[in-house]
2 protein chains.
Amino acid sequence: MKINRATDYGVRLMVYLAACEGRVVPRAEIASAMEIPPEFLAKIAQHLAKAGLLEIRQGRAGGYRLKRPSQEITLLEVVEALEGEIALNLCVGHPESCRFSPTCKVHLVWEAATEGLRDLLGNIYLANLIEKKAKSDEEVG
Amino acid sequence: MKINRATDYGVRLMVYLAACEGRVVPRAEIASAMEIPPEFLAKIAQHLAKAGLLEIRQGRAGGYRLKRPSQEITLLEVVEALEGEIALNLCVGHPESCRFSPTCKVHLVWEAATEGLRDLLGNIYLANLIEKKAKSDEEVG
DNA sequence: AGTAACTGGATCTTTTTTATCTTAAATTTT
DNA sequence: AAAATTTAAGATAAAAAAGATCCAGTTACT
Ligand code: SF4
Ligand code: SF4
């Protein structure tokens, strides 16, 4: 009933990149700042890259960067890239996995709950999740 | 991000009992009707009994029975009896587990999502989940 | 007493999660 | 071109959780 550690790490990564505004950020920096085991972070980034959410630059000044603007990437996309499509029970999205599903009222509840959750996450964008720095920086200037 | 098999089994058990209207139902009957491994069902029932959701009758005509009316037991209670309090991420309910939680906006999202889910499940009662039989299909013909 | 039914703890297997290691490839700098 | 730096990709491994089963013991009906 919980997301994986990898998923949380992935979200941290994406939010961090969103805050970096298109800069190519080396893995070691992210790993250290977000407290993610570096090798594990590599795996997670690879998944997210395959899902088209971030871009990997290899070589000497390599690192990671968002592939799309942070205003256009939802939390749902990030989570589902790492967990697969969200489903709160086996039978959600796979009614054939349980022979009771055609008449099971609980099935409908799990489907509704899943949809509710996906809706919520689908309406939150990385841009909404960046920790704004102290106002003095931008507004008072 | 999914409930356990044990939790689904537990819900099946509770809904089945709700449909049995206070009768003491032997484990074997439930196991067979709901397709649950009997020994595993025993363990699940023991948990639910400790949580005060059902009553176990030992001895010769033993079995299980709801402890409270099905109109008063929510799905949330059943699920949380088996999974512990629902939390979609580690940091939900345990902000101290992550040093970012005080400023992390994602944290707030997971808390909101968790609350939404608990709300939904908390408003569904076992009585709502019983498959109503057609008028006289108990006796075929 | 005899039998049917569940308990409670231990055990066991499988799967999933989390993490790391290793060899290779890519890119920049020299 | 060579060297230095950084990630790729697949294999591996350790740890934890899930799923299931076993068995000696207890309870209650007849
Ligand atoms: S909720 Fe109903 S349909 Fe889904 S797995 Fe459980 S019993 Fe089957
Ligand atoms: S959501 Fe934020 S607070 Fe919660 S674990 Fe992830 S980083 Fe930490």
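Excluded from the calculations below are hydrogen atoms, water molecules and symmetry mates; all remaining heavy atoms, backbone and side chain alike, are included. Chain naming here is simple, since letters A, B, ... match the order of the sequence lines and numbering starts at 1 in each.
Spacing between atom CG of A:Leu90 and atom C1' of C:dT16 amounts to 13 Å, rounded to whole angstrom units. Taking atom CZ on B:Arg5 and atom P on C:dT16, their separation rounds to 12 Å, with Å as the unit. As a whole-Å value, the separation of A:Arg65 CZ from D:dT6 P is 17 Å. Rounded to whole Å, atom P of D:dT27 lies 16 Å from atom CD of B:Glu55. Taking atom NZ of A:Lys2 as the reference point, atom P of D:dA16 lies 16 Å away to the nearest angstrom. A:Leu48 has its CG atom 13 Å from the P atom of D:dA9, to the nearest Å. Distance CG (B:Asn4) to P (C:dT15): 16 Å, rounded to an integer number of Å. Between A:Ile44 atom CD1 and D:dT7 atom P the separation is 14 Å, expressed in whole Å.
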Next on the checklist: For a side chain to side chain contact (heavy atoms under 4.5 Å, CB included) check, start with the C-alpha distance between A:Leu121 and A:Val78, then their side-chain angles and the critical distance, and finish with the verdict.
Outcome noted: CA-CA 10 Å; A:Leu121 297 179; A:Val78 178; over 6 Å; no

Item to check | Worked verdict on B:Leu126 versus B:Ile130 for side chain to side chain contact (heavy atoms under 4.5 Å, CB included) | outcome: CA-CA 7 Å; B:Leu126 292 185; B:Ile130 299 170; 6.0 Å; no

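Looking at A:Leu66, A:Val25, A:Ile30 one by one, the single match for side chain to side chain contact (heavy atoms under 4.5 Å, CB included) with A:Leu13 turns out to be A:Ile30.
Judged by distance alone, the side chain of A:Glu83 and the main-chain N or O of A:Asn4 form a donor-acceptor pair under 3.5 Å. Side chain of A:Asp8 to backbone of A:Arg5: no donor-acceptor contact under 3.5 angstrom is found. Although no hydrogens or angles enter the test, the distance criterion places no donor-acceptor pair under 3.5 Å between the side chain of B:Glu131 and the main chain of A:Lys105.
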Checklist outcome for this item: Given protein heavy atoms under 4.0 Å, the one-letter contact record of nucleotides 4-13 of chain C, with B base, S sugar-phosphate only and - none, is simply BSBBBBB---

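For residues 6-16 of chain B, proximity to DNA chain D is found at B:Ala6, B:Tyr9, defined as any non-hydrogen atom under 4.0 angstrom from a strand atom.
In summary, B:Glu55 and B:Lys67 do not engage in a salt bridge, as defined by a charged side-chain N under 4.0 Å from a carboxylate O. A salt bridge does not link A:Arg12 with A:Glu35: none of the charged nitrogens is closer than 4.0 Å to a carboxylate oxygen.
A 6.0 Å sphere centred on CD of A:Glu29 holds more than 12 heavy atoms belonging to other residues, nucleotides or ligands.
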